[in-house]
**Q** 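Can you read through this structure? Questions will come right after.
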Amino acid sequence: MKNFADLTEREVLAVAISSEEEDSRIYMTFAEDLAERYPDSAKVFEEMAEEERGHRHRLLEMYEQRFGAHLPPIRREDVKGFLRRRPIWLTKNLSLDTIRKEVETMELEAERFYAKASEKADDVGVRRLLGDLAEEEKHHERLAVKLTGEILSPDVRAEEDKTRRRMFVLQYVQPGLAGLMDGSVSTLAPLFAAAFATHQNWQTFLVGLAASIGAGISMGFAEALSDDGSLTGRGSPWLRGITCGLMTTLGGIGHTLPYLVPDSWPNAFWIATAIACIIVFFELWAIAFIRARYMDTPFLQAVFQIVLGGAIVLAVGILIGAA
């Protein structure tokens with residue numbers, strides 16, 4: 001993948017053209033899906049799709065003037081910094097609110113792309129075109145926020161129609177949750193395997209500490225290197241990496257600390273293990289709650305996925321340690 005800063009002017013225009021083509025198709029898909037349920041909103045998406053085709057036409061004219069007829073085979077998926085989109089447009093009967101949130105993110109990403117691209121453009125005509133498109137995408141973003149004006153109550157709309165909340169989830173909640181899930185679940189097997197293999201609290205604590213810190217470092221670097229945030233607005237990659245790494249370490253340390261119970265205490269191993277299991281229970285429920293609250297996952301589904309998965313990992317660790 002290429003860094004955005006390394007793109008040539010020709011590649012920037014090519015990425016913009018392919019992006020407008022894809023976005024136009026996505027909006028038409030949304031329009032077809034909403035046509036029977038919300039015909040007025042469907043017309044809005046048809047108009048947005050038509051505007052995206054107009055953007056593509058203007059970009060193609062500029063490209064042909066500057067570089068000729070051949071487009072290099074580069075898309076936004078080939079550039080670091082774009083969001084990894086969930087292909088929700090392949091799902092039928094989506095709620096209007098779900099579609100609206102997706103459109104908000106798409107248009108905010110497009111606006112940031114054109115604004116950044118215009119800053120690095122050398123040609124005056126290209127710079128002007130990209131700047132104009134940034135302003136037009138900002139208009140689309142505001143339009144997306146208002147799409148459910150007649151369907152949602154004013155209070156709900158005021159709360160949910162803020163792109164800022166969506167980006168807050170992308171910047172902080174998502175990396176933090178990914179870290180917490182990894183730290184809480186991935187360290188269960190080595191911790192409890194060590195516990196039931198040795199029945200020694202101090203040795204178990206050292207294994208859990210090493211697993212937690214190691215997982216934190218690994219997840220932190222993985223998050224920081226996955227997206228530089230220049231186009232998506234997800235913030236500093238190192239801030240996200242630190243958030244993810246700290247939450248990963250925290251998730252593992254939580255059920256490791258009980259093994260600081262001194263081995264000299266009567267039934268020290270079972271006391272520490274009982275406390276650790278209670279902490280694991282609350283960790284998994286906390287993760288399920290956060291997923292339901294911020295990631296639009298039904299609560300019971302989140303509980304089933306997280307608690308069941310954690311229980312399986314925990315059982316595997318105990319079985320291996322007791323073998």
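Count residues from 1 along the sequence.
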**Q** Testing the 3.5 Å rule here: is there a donor-acceptor pair between the side chains of Arg291 and Gln305?
**A**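 Distance-only check passes for Arg291 and Gln305.
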
**Q** If hydrophobic clusters are built by linking Ile, Leu, Val, Met, Phe, Trp and Tyr wherever their side-chain heavy atoms come under 4.5 Å apart, do Ile253 and Leu246 end up in the same one?
**A**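 Not linked; separate clusters.
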
**Q** State the CZ-CD distance between Arg76 and Glu109, to the nearest 0.5 angstrom.
**A**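 Arg76 CZ to Glu109 CD: 6.0 Å, rounded to 0.5 Å.
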
**Q** Go through the side-chain N and O atoms of Glu61 and His57 and say whether any donor and acceptor fall under 3.5 Å apart.
**A**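 Yes - a donor-acceptor pair under 3.5 Å links their side chains.
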
**Q** Check whether Asn201 reaches the backbone of Ala268 with its side chain - one donor and one acceptor, N or O, closer than 3.5 Å.
**A**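 At least one qualifying donor-acceptor pair exists.
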
**Q** Do Glu52 and Glu137 make a side-chain contact, defined as non-hydrogen atoms from C-beta onward lying under 4.5 Å apart?
**A**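 A side-chain contact under 4.5 Å exists here.
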
**Q** Could you walk me through whether Met28 and Arg25 pass the side-chain contact (heavy atoms from CB on, under 4.5 Å) test, one step at a time?
**A** CA-CA 5 Å; Met28 283 305 301; Arg25 291 194 296 268; 5.8 Å; no

**Q** What distance separates Ile318 CD1 from Phe192 CZ, expressed to the nearest 0.5 Å?
**A**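 Going from CD1 on Ile318 over to CZ on Phe192, the span is 6.0 Å.
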
**Q** Between the main-chain N or O of Glu9 and the side-chain N or O of Lys120, is there a donor-acceptor pair closer than 3.5 Å?
**A**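 Side chain of Lys120 to backbone of Glu9, a donor-acceptor pair under 3.5 Å: no, none is there.
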
**Q** Side chains of Phe45 and Ile99: does their closest heavy-atom pair fall under 4.5 Å?
**A**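 Yes. Closest side-chain heavy atoms under 4.5 Å.
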
**Q** In Å, rounded to the nearest 0.5 Å, how long is the span from SG of Cys244 to CG of Leu239?
**A**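 One finds 11.5 Å between SG of Cys244 and CG of Leu239.
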
**Q** Show the nearest heavy-atom pair for residues Val313 and Leu188, with the distance to one decimal.
**A**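 Of all heavy-atom pairs spanning Val313 and Leu188, the closest is CG1-CB, 3.8 Å.
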
**Q** Check whether more than 12 heavy atoms from other residues, nucleotides or ligands sit under 6.0 Å from atom NZ of Lys43, and answer yes or no.
**A**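 Result for NZ/Lys43: open.
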
**Q** Do you know the tightest heavy-atom contact between Gly254 and Ile279?
**A**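 Smallest interatomic distance, heavy atoms only, reads O-CD1, 3.3 Å.
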
**Q** Hey, are the side chains of Met62 and Val126 touching, using non-hydrogen atoms and a 4.5 Å cut-off?
**A**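 Heavy-atom side-chain distance check passes, below 4.5 Å.
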
**Q** Show your reasoning for whether side-chain contact (heavy atoms from CB on, under 4.5 Å) applies to Thr273 and Thr204.
**A** CA-CA 10 Å; Thr273 300; Thr204 301; over 6 Å; no

**Q** Do Ile275 and Val207 share a hydrophobic cluster (ILVMFWY, side-chain heavy atoms under 4.5 Å, transitive)?
**A**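 Not linked; separate clusters.
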
**Q** Below 4.5 Å, heavy atoms only, C-beta onward: do Trp285 and Ile306 meet side chain to side chain?
**A**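 A side-chain contact is absent here, since even the closest heavy-atom pair is not under 4.5 Å.
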
**Q** What are the two closest non-hydrogen atoms of Ser184 and Thr187, and how far apart are they?
**A**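 It is O-OG1, 4.0 Å.
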
**Q** Do Leu71 and Leu60 have side chains that approach each other closer than 4.5 Å (heavy atoms only, starting at C-beta)?
**A**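 Yes; the side chains approach each other to less than 4.5 Å.
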
**Q** Looking at every non-hydrogen atom in both residues, tell me the closest pair between Ala178 and Met219 and how far apart they are.
**A**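 Closest pair (atom of Ala178, atom of Met219, distance): O-CE, 3.8 Å.
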
**Q** Using the six-membered ring wherever Trp is involved, compare the ring planes of Phe269 and Tyr259 and label them parallel, tilted or perpendicular (cut-offs 30° and 60°).
**A**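 Rings of Phe269 and Tyr259: tilted, as their planes differ by 30° to 60°.
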
**Q** As an exercise, state the distance from OG of Ser218 to CD1 of Ile213, rounded to the nearest 0.5 Å.
**A**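 Those atoms lie 13.5 Å apart.
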
**Q** Checking Arg75 side chain against Ser19 main chain: does a donor-acceptor pair fall under 3.5 Å?
**A**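 No; judged by distance alone, with no hydrogens or angles, the pair does not exist.
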
**Q** Could you state the interatomic distance from CE (Met181) to CD1 (Ile290), rounded to the nearest 0.5 Å?
**A**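 Interatomic distance, Met181 CE to Ile290 CD1, rounded to 0.5 Å: 10.0 Å.
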
**Q** Compare every heavy atom of Ser212 with every heavy atom of Gly252, then report the nearest pair and how far apart it is.
**A**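 Residues Gly252 and Ser212, closest heavy atoms: C-OG, 3.0 Å.
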
**Q** State plainly whether one hydrophobic cluster holds both Phe282 and Phe304, where clusters connect Ile, Leu, Val, Met, Phe, Trp and Tyr through side-chain heavy atoms under 4.5 angstrom apart.
**A**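 Phe282 and Phe304: separate clusters.
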
**Q** side-chain contact (heavy atoms from CB on, under 4.5 Å) for Leu59 and Leu133? Distances and angles first, verdict last.
**A** CA-CA 10 Å; Leu59 287 164; Leu133 291 177; 3.7 Å; yes

**Q** Taking the side chain as everything from C-beta on, heavy atoms only, tell me whether Ile26 gets closer than 4.5 Å to Val103.
**A**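 Ile26 does not reach Val103 side chain to side chain.
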
**Q** Can you check whether Glu77 reaches Glu22 side chain to side chain, under 4.5 Å on heavy atoms?
**A**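 Yes, close enough: below the 4.5 Å cut-off.
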
**Q** Which atom names give the shortest non-hydrogen contact between Ala134 and Glu111, and what distance separates them?
**A**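 Reported closest heavy-atom pair: O-CG, 3.6 Å.
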
**Q** Quick check against the 3.5 Å criterion: does Thr248 have a side-chain atom that pairs as donor or acceptor with the backbone of Gly179?
**A**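 Yes.
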
**Q** State yes or no: are the ring centers of Phe289 and Tyr294 separated by less than 6.0 Å?
**A**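 So the answer is no for these two rings.
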
**Q** Between CD1 of Ile278 and NE2 of His255, what distance do you get to the nearest 0.5 Å?
**A**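 So the CD1 of Ile278 and the NE2 of His255 are separated by 14.5 Å.
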
**Q** Between the side chains of Arg53 and Ser24, is a donor N or O closer than 3.5 angstrom to an acceptor N or O?
**A**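 Result is yes, a qualifying pair exists.
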
**Q** Would you say Glu11's side chain and Ile74's backbone share a donor-acceptor pair under 3.5 angstrom?
**A**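 No, because the side chain of Glu11 does not come within donor-acceptor range (under 3.5 Å) of the backbone of Ile74.
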
**Q** Quick check on the hydrophobic clustering: are Leu260 and Leu250 connected, directly or via other members, by side-chain heavy-atom contacts under 4.5 Å?
**A**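 In one cluster with Leu260: Leu250, yes.
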
**Q** Are Ile287 and Phe281 joined in one hydrophobic group, where the rule is that I, L, V, M, F, W and Y side chains link up if heavy atoms are under 4.5 Å apart?
**A**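 Same hydrophobic cluster.
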
**Q** Determine whether the aromatic ring centres of Phe205 and Trp202 lie less than 6.0 Å apart.
**A**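 Yes, the ring centres sit under 6.0 Å apart.
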
**Q** What do the steps show when you test Arg10 against Tyr63 for side chain to side chain donor-acceptor pair (under 3.5 Å), and what is the final call?
**A** CA-CA 7 Å; Arg10 181 186 186 193; Tyr63 183 90; 2.7 Å; yes

**Q** Using modelled atom types only, decide if a donor and an acceptor are shared between the side chain of Asp123 and the backbone of Gly125 within a distance under 3.5 Å.
**A**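 Such a contact is found between Asp123 side chain and Gly125 backbone.
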
**Q** Is it true that a side-chain atom of Arg56 and a backbone atom of Ile17 form a donor plus acceptor pair closer than 3.5 Å?
**A**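 A pair under 3.5 Å: no.
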
**Q** Side chain of Ser118, backbone of Tyr114: donor and acceptor closer than 3.5 Å?
**A**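 Indeed, once roles are kept as given, a pair shorter than 3.5 Å links the two residues.
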
**Q** For salt bridge (charged side-chain N to carboxylate O under 4.0 Å, His left out), just list the numbers for Glu20 and Arg58, CA-CA rounded to whole Å, side-chain angles, deciding distance to a tenth of an Å, and then say yes or no.
**A** CA-CA 11 Å; Glu20 294 291 354; Arg58 290 157 62 188; over 6 Å; no

**Q** Quick one, Leu225 and Pro237 - any side-chain contact, counting heavy atoms below 4.5 Å?
**A**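 No, every pair of side-chain atoms sits at 4.5 Å or beyond.
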
